[in-house]
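All chains are named by letter (A, B, ...) in the order of the sequence lines, taking the proteins before the strands, and each is independently numbered beginning at 1. Just so we're clear, the structure is a prediction, and the values are computed from it rather than from any experiment.
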Amino acid sequence: MSITKTHELHKRRFSRNVGVGLLLAAFIAIVFGMTVVKITSGDVGAALQGKSRVENGD
Amino acid sequence: MTDLSTNSSFSDTRPQDAGFADYFALLKPRVMTLVVFTALVGLLAAPVPVHPFIGFCAILFIAVGGGASGALNMWWDADIDQVMKRTSKRPIPSGRVDSGEALAIGLVLSAFSCVFLALATNLLAGGLLAFTIFFYVVVYTMWLKRSTPQNIVIGGAAGAFPPMIGWAAATGQIGIESVLMFCLTFMWTPPHFWALALFMRSDYDDAGVPMLTVTHGRRSTRVHILVYTVLLAALAVGTGFTAIGGPVYLAVAVVLNALFLKGAWNIYHRDETASELDNFATERRFFKLSLLYLFAHFGAILLEAGLARFGMGGWT
(Lines give C-alpha, C1' and ligand atoms only; values in the text may rest on other atoms or scores of the structure.)
Protein backbone atom coordinates (compact mmCIF):
# COMPACT_ATOMS: atom_id res chain seq x y z
CA MET A 1 0.00 0.00 0.00
CA SER A 2 1.50 3.30 -1.03
CA ILE A 3 1.34 6.42 1.03
CA THR A 4 -0.65 9.10 -0.73
CA LYS A 5 -1.71 11.51 1.97
CA THR A 6 0.88 13.86 3.42
CA HIS A 7 0.04 14.91 6.92
CA GLU A 8 1.04 18.29 8.36
CA LEU A 9 3.31 16.33 10.67
CA HIS A 10 5.23 14.94 7.70
CA LYS A 11 5.67 18.40 6.23
CA ARG A 12 7.17 19.66 9.45
CA ARG A 13 9.48 16.68 9.75
CA PHE A 14 10.49 17.06 6.11
CA SER A 15 11.38 20.73 6.62
CA ARG A 16 13.40 19.75 9.67
CA ASN A 17 15.26 17.01 7.81
CA VAL A 18 15.99 19.26 4.84
CA GLY A 19 17.21 21.98 7.22
CA VAL A 20 19.55 19.63 9.06
CA GLY A 21 20.84 18.27 5.73
CA LEU A 22 21.58 21.75 4.42
CA LEU A 23 23.28 22.72 7.67
CA LEU A 24 25.53 19.67 7.51
CA ALA A 25 26.42 20.45 3.89
CA ALA A 26 27.17 24.07 4.84
CA PHE A 27 29.30 22.91 7.76
CA ILE A 28 31.40 20.70 5.46
CA ALA A 29 31.80 23.56 2.97
CA ILE A 30 32.88 25.96 5.72
CA VAL A 31 35.44 23.58 7.23
CA PHE A 32 36.81 22.83 3.76
CA GLY A 33 36.96 26.51 2.85
CA MET A 34 38.62 27.48 6.12
CA THR A 35 41.18 24.73 5.67
CA VAL A 36 42.02 25.91 2.17
CA VAL A 37 42.38 29.53 3.28
CA LYS A 38 44.43 28.67 6.36
CA ILE A 39 46.81 26.37 4.48
CA THR A 40 47.30 28.48 1.39
CA SER A 41 46.54 32.03 2.55
CA GLY A 42 43.66 32.10 0.09
CA ASP A 43 45.46 30.63 -2.95
CA VAL A 44 42.75 28.12 -3.90
CA GLY A 45 44.56 27.09 -7.07
CA ALA A 46 47.62 26.10 -5.10
CA ALA A 47 45.47 24.22 -2.61
CA LEU A 48 43.84 22.20 -5.36
CA GLN A 49 47.32 21.31 -6.65
CA GLY A 50 48.22 20.10 -3.17
CA LYS A 51 50.69 22.91 -2.42
CA SER A 52 50.78 24.20 1.16
CA ARG A 53 51.61 27.70 2.37
CA VAL A 54 55.02 26.42 3.48
CA GLU A 55 55.76 25.09 0.00
CA ASN A 56 54.66 28.42 -1.50
CA GLY A 57 57.16 30.17 0.74
CA ASP A 58 54.48 32.27 2.52
CA MET B 1 1.77 -2.40 6.17
CA THR B 2 1.25 0.47 8.51
CA ASP B 3 2.28 4.05 8.41
CA LEU B 4 2.15 6.89 10.89
CA SER B 5 -0.39 8.75 8.77
CA THR B 6 -2.87 5.91 9.16
CA ASN B 7 -2.58 5.94 12.94
CA SER B 8 -5.47 7.80 14.52
CA SER B 9 -3.24 9.21 17.28
CA PHE B 10 -1.56 11.38 14.66
CA SER B 11 -4.75 12.76 13.18
CA ASP B 12 -4.34 15.97 15.19
CA THR B 13 -1.43 18.31 14.67
CA ARG B 14 1.11 17.78 17.42
CA PRO B 15 2.40 21.07 18.70
CA GLN B 16 5.64 19.49 19.91
CA ASP B 17 6.68 18.43 16.42
CA ALA B 18 8.52 21.53 15.35
CA GLY B 19 9.48 22.46 11.83
CA PHE B 20 12.86 23.90 10.92
CA ALA B 21 11.49 27.46 11.16
CA ASP B 22 10.62 26.89 14.82
CA TYR B 23 14.19 25.96 15.66
CA PHE B 24 15.43 28.94 13.68
CA ALA B 25 13.07 31.19 15.66
CA LEU B 26 14.83 30.01 18.83
CA LEU B 27 17.90 31.90 17.63
CA LYS B 28 16.05 35.26 17.71
CA PRO B 29 16.75 36.16 14.07
CA ARG B 30 15.70 39.80 14.50
CA VAL B 31 18.20 40.34 17.29
CA MET B 32 20.72 38.47 15.17
CA THR B 33 20.51 41.12 12.43
CA LEU B 34 21.76 43.73 14.92
CA VAL B 35 24.54 41.40 16.07
CA VAL B 36 25.59 40.59 12.50
CA PHE B 37 25.56 44.20 11.37
CA THR B 38 27.49 45.66 14.31
CA ALA B 39 30.01 42.78 14.26
CA LEU B 40 30.50 43.31 10.52
CA VAL B 41 31.16 47.00 11.09
CA GLY B 42 33.68 46.15 13.82
CA LEU B 43 35.42 43.72 11.48
CA LEU B 44 35.50 46.04 8.45
CA ALA B 45 36.37 49.21 10.37
CA ALA B 46 39.48 47.53 11.77
CA PRO B 47 42.74 48.66 10.14
CA VAL B 48 43.81 45.05 9.46
CA PRO B 49 42.48 43.41 6.28
CA VAL B 50 40.83 40.02 6.70
CA HIS B 51 40.51 37.34 4.01
CA PRO B 52 36.89 37.58 2.75
CA PHE B 53 36.11 33.95 3.50
CA ILE B 54 37.56 34.17 7.01
CA GLY B 55 35.60 37.40 7.51
CA PHE B 56 32.42 35.66 6.37
CA CYS B 57 33.08 32.73 8.73
CA ALA B 58 33.82 35.10 11.63
CA ILE B 59 30.51 36.93 11.16
CA LEU B 60 28.67 33.63 10.76
CA PHE B 61 30.11 32.23 13.99
CA ILE B 62 29.36 35.45 15.87
CA ALA B 63 25.77 35.25 14.56
CA VAL B 64 25.51 31.60 15.63
CA GLY B 65 26.88 32.50 19.07
CA GLY B 66 24.30 35.30 19.35
CA GLY B 67 21.59 32.86 18.27
CA ALA B 68 22.75 30.28 20.80
CA SER B 69 22.48 32.81 23.62
CA GLY B 70 18.97 33.63 22.35
CA ALA B 71 18.01 29.94 22.56
CA LEU B 72 19.39 29.71 26.12
CA ASN B 73 17.51 32.89 27.02
CA MET B 74 14.26 31.37 25.71
CA TRP B 75 14.92 28.16 27.63
CA TRP B 76 15.38 30.02 30.93
CA ASP B 77 12.61 32.58 30.36
CA ALA B 78 9.96 30.18 29.05
CA ASP B 79 7.75 30.82 32.10
CA ILE B 80 7.63 34.60 31.72
CA ASP B 81 7.51 34.40 27.90
CA GLN B 82 4.24 32.54 28.32
CA VAL B 83 2.77 35.40 30.35
CA MET B 84 3.89 38.26 28.11
CA LYS B 85 1.77 38.98 25.03
CA ARG B 86 4.82 39.98 22.97
CA THR B 87 6.60 36.66 23.58
CA SER B 88 3.76 34.17 24.08
CA LYS B 89 4.01 32.88 20.50
CA ARG B 90 7.69 31.95 20.83
CA PRO B 91 8.49 28.27 20.09
CA ILE B 92 8.70 27.08 23.74
CA PRO B 93 5.64 28.78 25.30
CA SER B 94 3.54 27.83 22.28
CA GLY B 95 4.54 24.18 22.78
CA ARG B 96 6.23 23.69 19.41
CA VAL B 97 9.70 23.17 20.86
CA ASP B 98 10.54 21.38 24.08
CA SER B 99 12.56 23.46 26.58
CA GLY B 100 15.14 20.64 26.84
CA GLU B 101 15.69 20.83 23.09
CA ALA B 102 16.25 24.59 23.34
CA LEU B 103 18.81 24.03 26.10
CA ALA B 104 20.65 21.40 24.06
CA ILE B 105 20.64 23.55 20.91
CA GLY B 106 21.85 26.58 22.88
CA LEU B 107 24.71 24.72 24.57
CA VAL B 108 25.88 22.92 21.43
CA LEU B 109 25.77 26.04 19.26
CA SER B 110 27.53 28.08 21.97
CA ALA B 111 30.44 25.65 22.12
CA PHE B 112 30.53 25.29 18.34
CA SER B 113 30.52 29.03 17.62
CA CYS B 114 33.25 29.90 20.17
CA VAL B 115 35.59 27.08 19.14
CA PHE B 116 35.18 27.74 15.44
CA LEU B 117 35.55 31.51 15.80
CA ALA B 118 38.80 30.93 17.70
CA LEU B 119 39.99 28.51 15.00
CA ALA B 120 38.99 30.81 12.14
CA THR B 121 40.43 34.01 13.66
CA ASN B 122 42.10 34.07 17.07
CA LEU B 123 41.66 33.06 20.70
CA LEU B 124 40.75 36.57 21.85
CA ALA B 125 37.75 36.73 19.51
CA GLY B 126 36.61 33.24 20.53
CA GLY B 127 37.06 34.12 24.20
CA LEU B 128 35.14 37.37 23.84
CA LEU B 129 32.26 35.53 22.17
CA ALA B 130 32.24 32.97 25.02
CA PHE B 131 32.19 35.79 27.57
CA THR B 132 29.35 37.54 25.70
CA ILE B 133 27.22 34.38 25.75
CA PHE B 134 28.01 33.89 29.45
CA PHE B 135 27.16 37.53 30.18
CA TYR B 136 23.85 37.44 28.31
CA VAL B 137 22.68 34.08 29.62
CA VAL B 138 24.03 33.95 33.17
CA VAL B 139 24.55 37.58 34.23
CA TYR B 140 21.60 39.15 32.40
CA THR B 141 18.98 36.41 31.88
CA MET B 142 19.47 34.35 35.03
CA TRP B 143 20.60 36.99 37.49
CA LEU B 144 19.80 40.61 36.62
CA LYS B 145 16.60 40.40 34.58
CA ARG B 146 14.36 39.31 37.45
CA SER B 147 16.21 40.97 40.31
CA THR B 148 16.97 44.60 39.49
CA PRO B 149 15.57 47.48 37.43
CA GLN B 150 19.14 48.01 36.24
CA ASN B 151 18.72 44.78 34.21
CA ILE B 152 18.60 46.63 30.91
CA VAL B 153 21.50 48.94 31.74
CA ILE B 154 24.02 46.28 32.77
CA GLY B 155 22.60 43.54 30.56
CA GLY B 156 22.91 45.87 27.59
CA ALA B 157 26.63 45.15 27.62
CA ALA B 158 25.92 41.74 26.11
CA GLY B 159 24.42 43.31 23.01
CA ALA B 160 27.30 45.79 22.81
CA PHE B 161 30.08 43.20 22.51
CA PRO B 162 29.62 42.11 18.83
CA PRO B 163 31.50 45.07 17.24
CA MET B 164 34.30 44.48 19.73
CA ILE B 165 34.40 40.79 18.74
CA GLY B 166 34.46 41.73 15.05
CA TRP B 167 37.34 44.14 15.70
CA ALA B 168 39.21 41.49 17.72
CA ALA B 169 38.66 38.93 14.95
CA ALA B 170 40.48 41.24 12.53
CA THR B 171 43.20 42.67 14.75
CA GLY B 172 43.61 40.18 17.60
CA GLN B 173 43.35 43.14 20.01
CA ILE B 174 40.85 45.34 21.84
CA GLY B 175 41.43 48.86 20.57
CA ILE B 176 40.00 52.14 21.82
CA GLU B 177 37.92 52.26 18.63
CA SER B 178 36.19 48.99 19.46
CA VAL B 179 35.59 50.21 23.02
CA LEU B 180 33.88 53.31 21.57
CA MET B 181 31.62 51.12 19.41
CA PHE B 182 30.86 49.05 22.51
CA CYS B 183 29.96 52.20 24.47
CA LEU B 184 27.71 53.45 21.68
CA THR B 185 25.54 50.32 21.77
CA PHE B 186 25.77 50.09 25.56
CA MET B 187 24.44 53.63 26.08
CA TRP B 188 21.81 53.22 23.35
CA THR B 189 20.22 50.12 24.93
CA PRO B 190 18.49 51.66 28.01
CA PRO B 191 16.48 54.40 26.25
CA HIS B 192 15.59 51.91 23.50
CA PHE B 193 14.15 49.35 25.93
CA TRP B 194 12.61 51.84 28.35
CA ALA B 195 10.64 53.37 25.47
CA LEU B 196 9.41 49.84 24.66
CA ALA B 197 8.52 49.29 28.32
CA LEU B 198 6.44 52.48 28.32
CA PHE B 199 4.09 51.30 25.59
CA MET B 200 4.23 47.53 26.32
CA ARG B 201 3.52 48.24 29.94
CA SER B 202 1.17 45.43 30.91
CA ASP B 203 3.60 42.81 29.59
CA TYR B 204 6.37 43.48 32.09
CA ASP B 205 3.88 44.08 34.91
CA ASP B 206 2.18 40.75 34.27
CA ALA B 207 5.47 38.86 34.12
CA GLY B 208 6.81 40.50 37.28
CA VAL B 209 9.97 41.65 35.52
CA PRO B 210 11.31 44.58 37.55
CA MET B 211 11.54 47.05 34.71
CA LEU B 212 12.09 50.66 35.68
CA THR B 213 8.45 51.38 34.79
CA VAL B 214 7.35 48.86 37.43
CA THR B 215 9.82 49.60 40.24
CA HIS B 216 10.35 53.37 39.96
CA GLY B 217 7.26 54.44 38.10
CA ARG B 218 6.62 55.76 34.64
CA ARG B 219 7.55 59.38 35.45
CA SER B 220 11.00 58.24 36.60
CA THR B 221 11.40 56.15 33.43
CA ARG B 222 10.76 59.22 31.29
CA VAL B 223 13.43 61.12 33.23
CA HIS B 224 15.87 58.22 32.82
CA ILE B 225 15.27 58.12 29.05
CA LEU B 226 16.12 61.81 28.78
CA VAL B 227 19.27 61.56 30.94
CA TYR B 228 20.61 58.53 29.07
CA THR B 229 19.82 60.14 25.71
CA VAL B 230 21.82 63.26 26.65
CA LEU B 231 24.79 61.09 27.69
CA LEU B 232 24.44 58.99 24.54
CA ALA B 233 24.34 62.08 22.32
CA ALA B 234 27.58 63.40 23.85
CA LEU B 235 29.26 60.05 23.30
CA ALA B 236 27.90 59.55 19.76
CA VAL B 237 28.87 63.02 18.53
CA GLY B 238 32.24 62.86 20.34
CA THR B 239 33.01 59.58 18.53
CA GLY B 240 32.87 61.58 15.31
CA PHE B 241 36.22 63.17 16.19
CA THR B 242 38.01 59.85 16.78
CA ALA B 243 39.76 57.42 14.42
CA ILE B 244 36.50 55.66 13.46
CA GLY B 245 34.69 58.96 12.88
CA GLY B 246 34.89 61.52 10.12
CA PRO B 247 32.79 64.17 8.36
CA VAL B 248 30.14 61.71 7.12
CA TYR B 249 29.77 60.08 10.52
CA LEU B 250 29.68 63.44 12.25
CA ALA B 251 26.92 64.74 9.95
CA VAL B 252 24.84 61.59 10.55
CA ALA B 253 25.47 61.76 14.31
CA VAL B 254 24.52 65.44 14.63
CA VAL B 255 21.23 65.03 12.74
CA LEU B 256 20.18 61.78 14.41
CA ASN B 257 21.15 62.87 17.91
CA ALA B 258 19.21 66.11 17.48
CA LEU B 259 16.15 64.05 16.50
CA PHE B 260 16.76 61.56 19.32
CA LEU B 261 17.14 64.33 21.90
CA LYS B 262 13.93 65.94 20.66
CA GLY B 263 12.15 62.58 20.97
CA ALA B 264 13.45 62.06 24.51
CA TRP B 265 12.46 65.62 25.43
CA ASN B 266 8.93 65.00 24.12
CA ILE B 267 8.69 61.77 26.14
CA TYR B 268 9.90 63.60 29.24
CA HIS B 269 7.25 66.29 28.85
CA ARG B 270 4.30 63.94 28.35
CA ASP B 271 1.99 62.72 31.03
CA GLU B 272 0.24 59.37 31.06
CA THR B 273 -3.16 60.75 30.05
CA ALA B 274 -1.79 62.35 26.89
CA SER B 275 0.15 59.19 26.07
CA GLU B 276 -2.84 56.93 26.49
CA LEU B 277 -5.01 59.21 24.36
CA ASP B 278 -2.84 58.67 21.27
CA ASN B 279 -1.80 55.12 22.20
CA PHE B 280 1.77 56.16 23.06
CA ALA B 281 2.48 57.55 19.59
CA THR B 282 5.48 59.59 20.77
CA GLU B 283 7.01 56.65 22.63
CA ARG B 284 6.47 54.36 19.63
CA ARG B 285 8.07 56.91 17.29
CA PHE B 286 11.05 57.19 19.63
CA PHE B 287 11.42 53.40 19.69
CA LYS B 288 11.36 53.19 15.88
CA LEU B 289 13.83 56.07 15.64
CA SER B 290 16.14 54.25 18.06
CA LEU B 291 16.41 51.33 15.61
CA LEU B 292 17.32 53.67 12.76
CA TYR B 293 19.66 55.53 15.10
CA LEU B 294 21.91 52.56 15.80
CA PHE B 295 21.94 51.21 12.24
CA ALA B 296 22.72 54.67 10.83
CA HIS B 297 25.58 55.30 13.27
CA PHE B 298 27.21 51.97 12.53
CA GLY B 299 26.45 52.41 8.82
CA ALA B 300 28.31 55.74 8.95
CA ILE B 301 31.30 54.11 10.68
CA LEU B 302 31.30 51.49 7.92
CA LEU B 303 31.11 54.18 5.24
CA GLU B 304 34.04 56.07 6.79
CA ALA B 305 36.06 52.83 6.81
CA GLY B 306 35.11 52.19 3.17
CA LEU B 307 36.08 55.73 2.15
CA ALA B 308 39.37 55.37 4.02
CA ARG B 309 40.33 52.53 1.65
CA PHE B 310 40.20 55.16 -1.14
CA GLY B 311 42.05 57.76 0.92
CA MET B 312 38.91 59.78 1.64
CA GLY B 313 37.57 58.61 5.01
CA GLY B 314 38.19 60.03 8.47
CA TRP B 315 39.83 63.36 9.18
CA THR B 316 43.03 62.81 7.21
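Looking at heavy atoms from C-beta onward, B:Phe20 lies out of side-chain contact with A:Leu22 at the 4.5 angstrom threshold. Contact check for B:Pro47 versus B:Trp167: side-chain heavy atoms found under the 4.5 Å cut-off. Between B:Thr87 and B:Pro93, every side-chain heavy-atom pair lies at or beyond the 4.5 Å cut-off. Using a 4.5 Å cut-off on side-chain heavy atoms (C-beta onward), B:Thr121 and B:Ile54 make contact. Within the 4.5 Å cutoff, the side chain of B:Thr132 has no heavy atoms near those of the B:Ser69 side chain. Put simply, the side chain of A:Thr35 reaches to within 4.5 Å of the side chain of A:Ile39, judged on heavy atoms.
By a heavy-atom distance cut of under 4.5 Å, B:Phe112, B:Phe116, B:Leu119 are the residues of residues 104-119 of chain B near chain A, going up by number. At a heavy-atom cut-off of under 4.5 Å, chain A is reached by no residue from residues 27-45 of chain B.
Remark: side-chain polar atoms of B:Asp81 are not paired, donor with acceptor, to backbone N or O of B:Ile92 under 3.5 angstrom. In terms of modelled atom types and a separation under 3.5 Å, the side chain of B:Asp77 and the main chain of B:Ile80 share no donor-acceptor contact.
Ring planes of B:Tyr136 and B:Tyr140: parallel class, angle under 30° (limits at 30 and 60°).
Interface residue A:Val31: only side-chain heavy atoms are found under 4.5 Å from chain B. Neither the backbone nor the side chain of A:Ala26 comes within less than 4.5 Å of any heavy atom in chain B.
Enclosure of atom CZ in B:Phe53 by more than 12 non-hydrogen atoms of other residues, nucleotides or ligands within 6.0 angstrom is indicated. Surrounding CG of B:Leu123 are at most 12 heavy atoms belonging to other residues, nucleotides or ligands under 6.0 Å away.
In terms of non-hydrogen atom pairs under 4.5 Å with chain A, the most contact-rich of B:Gly19, B:Pro52, B:Ala21 is B:Gly19.
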